4 protein chains.
Amino acid sequence: MPKLGMEPIRRAALVKATIDVIGAQGSLDVTVSQIAKKAGMSSALAHHYFGGKDQIFLAAMQQILRDFGAEVRTALRAARTPRARAEALISASFAPSCFDPATVSAWMTLYAQATTQPEMHRLLRLYQRRLQSNLTHALRPLSPRPEADAETLGALIDGLYLRAALARDRNAETALATALSVLDRLTGGQK
Amino acid sequence: MPKLGMEPIRRAALVKATIDVIGAQGSLDVTVSQIAKKAGMSSALAHHYFGGKDQIFLAAMQQILRDFGAEVRTALRAARTPRARAEALISASFAPSCFDPATVSAWMTLYAQATTQPEMHRLLRLYQRRLQSNLTHALRPLSPRPEADAETLGALIDGLYLRAALARDRNAETALATALSVLDRLTGGQK
Amino acid sequence: MPKLGMEPIRRAALVKATIDVIGAQGSLDVTVSQIAKKAGMSSALAHHYFGGKDQIFLAAMQQILRDFGAEVRTALRAARTPRARAEALISASFAPSCFDPATVSAWMTLYAQATTQPEMHRLLRLYQRRLQSNLTHALRPLSPRPEADAETLGALIDGLYLRAALARDRNAETALATALSVLDRLTGGQK
Amino acid sequence: MPKLGMEPIRRAALVKATIDVIGAQGSLDVTVSQIAKKAGMSSALAHHYFGGKDQIFLAAMQQILRDFGAEVRTALRAARTPRARAEALISASFAPSCFDPATVSAWMTLYAQATTQPEMHRLLRLYQRRLQSNLTHALRPLSPRPEADAETLGALIDGLYLRAALARDRNAETALATALSVLDRLTGGQK
DNA sequence: AATGAATGAGTTTTCATTCAT
DNA sequence: GATGAATGAAAACTCATTCAT
């Protein structure tokens, strides 16, 4: 068995460490040194593998979105009806993992940085398009205007998440219930 | 007799400069020196009048929310029916001034900082509660569940704003239309 | 009655304020603004009357030494014998007023600044010469080597004060007792 | 393999530079930049190795006391009789190295800072206790009240040092002679 | 006489980044 | 592949001092 290149291992460790550190201190004001230390290596090595702080951050965001995407896919796979698929998409957005402090901070960072950093902007758009496309597909059999309703639902999800994430009292359930009730209205309660 | 009454002038100038600088560079990574320079004074004076960077920021955010609040009140005053009041609230959220780059950056900053800075968190909650209260009041004659619908509309507005603000192509109108159409559905189209 | 010039009043207020502020915060790291505020005037006025921070400090030190000198003279006036005079000189050095935090800080400052600031050095020498002269005079009828013994006693007083002042547990009495017992030995217990 | 083991070297260089700079300018108002420059490195590195200015200062003071302690131990080792030990302790306090401008400034700084900085206070107490203990031990066979006499001698040494150090005309010898003569009196001239 | 206004020069401190080994 | 060493550049903040009124 050949000795594996360290690169993917190191990169993964750094990405995980980034998310951990952001979560631990609930803020994006983390230093490369903190991240590298958490990942068990020198900050010089972090630079070596990523080139710079921005890219480490970017990779961490990508990872979070990738994780989220995976959860969504898993949920979708288990859903047997269009209605179930729509519900799965909504539920995934309010899953406990989405309210992990690290995830919340990362999302807020993403929003804030999307105004200036093209890469972050691209990432955010990617997430939005994917959600839009998934929702549209699920709503097609249920709604006369699937695109428009998907847009509405997507925005509603984001807005509800924003509020639930920033409220100290974890009311993810309320947010979820609200979103599902809107789904009901949009689809006339069809299953 | 010394030159008198500069404090409010300087403070206002600094607040304006803060918004300008954030808007101009589309990012929250602005320094006190940049702000002070833009406001035509030394950074020392900025510290003298505000005490520190955080407080300058806070004052700027408060100003933005105050401006927004004023616009909302003006719009409400012209509205003669509950329906018109609801529309006014929604329209105000998608007014051109809300899409000014400085305003957008400020909002994103607010979201990002609310996770850690208690003052910013308080400010954001204040905005949310005010919107919620205004919407509930407007919906009371139109909806059987005014609180729940206000919550839905509030979150929808935030979500739509987020998307419209971050999309480079200015589609505030689409967002507005979407929000109004949801208002229609929630109220059964009553006027 | 002519309206008195403000100058002496302001200067006195500033000197007092300086001592107060140093005492209150137990450190020489006080700003002109703090002092001026305490004295109820603007820092600009403080500069106007004193020319600069160093001079304010110097005046404060002079005041402390002047106060100490006055106490010494009062004590000497009440002393009827050489022995009583020597005791008065020693007692004055360990009077409660000498252990006032402001006084202690001022003395330490004086020592520290005497290495560089000629004015402070002069002031310290003045104090030392005066003590030396007073002690010598008091010891002349009691000791075969009044100068040498005065030197010894003077240094001992300084050393004991240094230790008592820096010890948190106020042991001025012990220090005083030690000094007096050495006086006894030097003079063979003569009264 | 990176260059290794610089930490102790850098730390030692910084400590030495601190003492040098304080000595050269005879004042405690030295900046980290000055120290770092003298030590041939960037101020950032100084912070990296020490964490902050206060800790650099503290380390410098500790070094001075350590050096002094070493001199004392060396002198004690050569002393064969109690009397010789007492003389050694006294002589060490008036050794030429104690009158090096840097050392004098450092001592004055120590006194001045001991009123506010707990670490400095601890350091000073440590020195005082060590001297006290050494003197007591040496005086035990010579004096009926070794503790009290040690206290007297210790304070006398401090007071004489203070005066000699601050007098521009180097009269360390006179101070030493005075201290030794008091030792004689306290011990009845025993050898 | 008095002061609010204003600042320049300086301080400590932080950190992403580079480099020699 | 890996790291300790090192720094430049910049940040926030402070304060004695000056000035116009």
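Predicted, not measured: the structure shown is a model, and the values here were computed from it.
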Legend entry - Spacing of Q55(A) atom CD relative to dA16(E) atom P, expressed in whole Å: 14 Å

Legend entry - Atom-pair distance (CD1 on I9(C); C1' on dA1(E)), nearest Å: 12 Å

Inset, instruction - Indicate whether OP1 or OP2 belonging to dA2(F) is found under 4.0 Å from a side-chain N or O atom of R10(A). - result: yes

Which atom pairs, donor and acceptor, lie under 3.5 Å between side-chain atoms of residues 107-116 of chain D and protein residues at least two apart or in another chain?
residue, atom, partner, partner atom, Å
T109(D), OG1, S105(D), O, 2.6
T115(D), OG1, A112(D), O, 2.9
T116(D), OG1, Q113(D), O, 3.4

Legend entry - Runs of at least three consecutive pairs that involve DNA chain E, where pairs are Watson-Crick or G-U with distances under 3.5 Å: E:2-21 with F:2-21

Legend entry - Where at least one partner belongs to residues 47-58 of chain D, residue pairs that pass side chain to side chain donor-acceptor pair (under 3.5 Å), sequence neighbours excluded: none

Legend entry - Interatomic distance, F50(D) CZ vs dT13(E) P [rounded to whole Å]: 13 Å

Legend entry - Gap between atoms CE and P, on M6(D) and dT21(E) respectively (whole Å): 12 Å

Inset, instruction - Give every residue pair that meets the salt bridge (Lys or Arg N to Asp or Glu O under 4.0 Å) criterion with at least one member in residues 20-36 of chain C, sequence neighbours excluded. - result: K16(C)-D20(C)

Legend entry - For the student: nearest non-hydrogen atoms of T18(C) and A60(C), plus distance: CG2-CB, 3.7 Å

Inset, instruction - Grab the two heavy atoms, one from H121(B) and one from L166(A), that are nearest each other, plus how far apart they are. - result: NE2-O, 2.5 Å

Legend entry - Strand-adjacent residues in residues 108-123 of chain D, judged by heavy atoms under 4.0 Å from DNA chain E: none

Inset, instruction - Return the value, rounded to whole Å, for the distance between atom CD1 of I56(C) and atom C1' of dA16(F). - result: 10 Å

Inset, instruction - Rounded to the nearest angstrom, tell me the gap between atom CG in L14(B) and atom C1' in dA6(E). - result: 13 Å

Inset, instruction - Tell me, with the steps shown, if L65(D) and L123(D) meet side chain to side chain contact (heavy atoms under 4.5 Å, CB included). - result: CA-CA 8 Å; L65(D) 289 198; L123(D) 208 55; 3.7 Å; yes

Under 3.5 Å, which donor-acceptor pairs link side chains of residues 33-46 of chain A to any protein atom two or more places apart or in another chain?
residue, atom, partner, partner atom, Å
Q34(A), OE1, T31(A), N, 2.7
Q34(A), NE2, Q25(A), OE1, 3.2
S42(A), OG, L45(A), N, 3.2

Legend entry - Residues that E119(A) engages under side chain to side chain donor-acceptor pair (under 3.5 Å), provided they are two or more places apart: R122(A)

Inset, instruction - Write down the distance between CG (L4(D)) and P (dA2(F)), rounded to a whole number of angstrom. - result: 16 Å

Inset, instruction - Taking side chain to side chain donor-acceptor pair (under 3.5 Å) as the test, write out the residues that go with Q63(C), two or more places apart. - result: R66(C), D67(C)

Legend entry - Which residue lies more 5' along DNA chain F, comparing E7(D) with H48(C) via nearest heavy atoms: E7(D)

Inset, instruction - Map G51(C) and Y49(D) onto DNA chain F by nearest heavy atom, then report which one ends up closer to the 5' terminus. - result: Y49(D)

Inset, instruction - Specify the residues of residues 25-47 of chain A, ordered by number, for which at least one heavy atom lies under 4.0 angstrom from an atom of DNA chain F. - result: M41(A), S42(A), A44(A), L45(A)

Inset, instruction - Determine, step by step, whether I22(A) and F57(A) satisfy the side chain to side chain contact (heavy atoms under 4.5 Å, CB included) criterion, reporting the C-alpha distance in whole Å, the side-chain angles of both residues, the deciding distance to 0.1 Å, and the verdict. - result: CA-CA 10 Å; I22(A) 289 179; F57(A) 256 75; 4.0 Å; yes

Legend entry - Gap between atoms CZ and P, on F57(C) and dC15(F) respectively (whole Å): 12 Å

Legend entry - Close side-chain approach of F50(B) to V15(B), heavy-atom, < 4.5 Å: yes

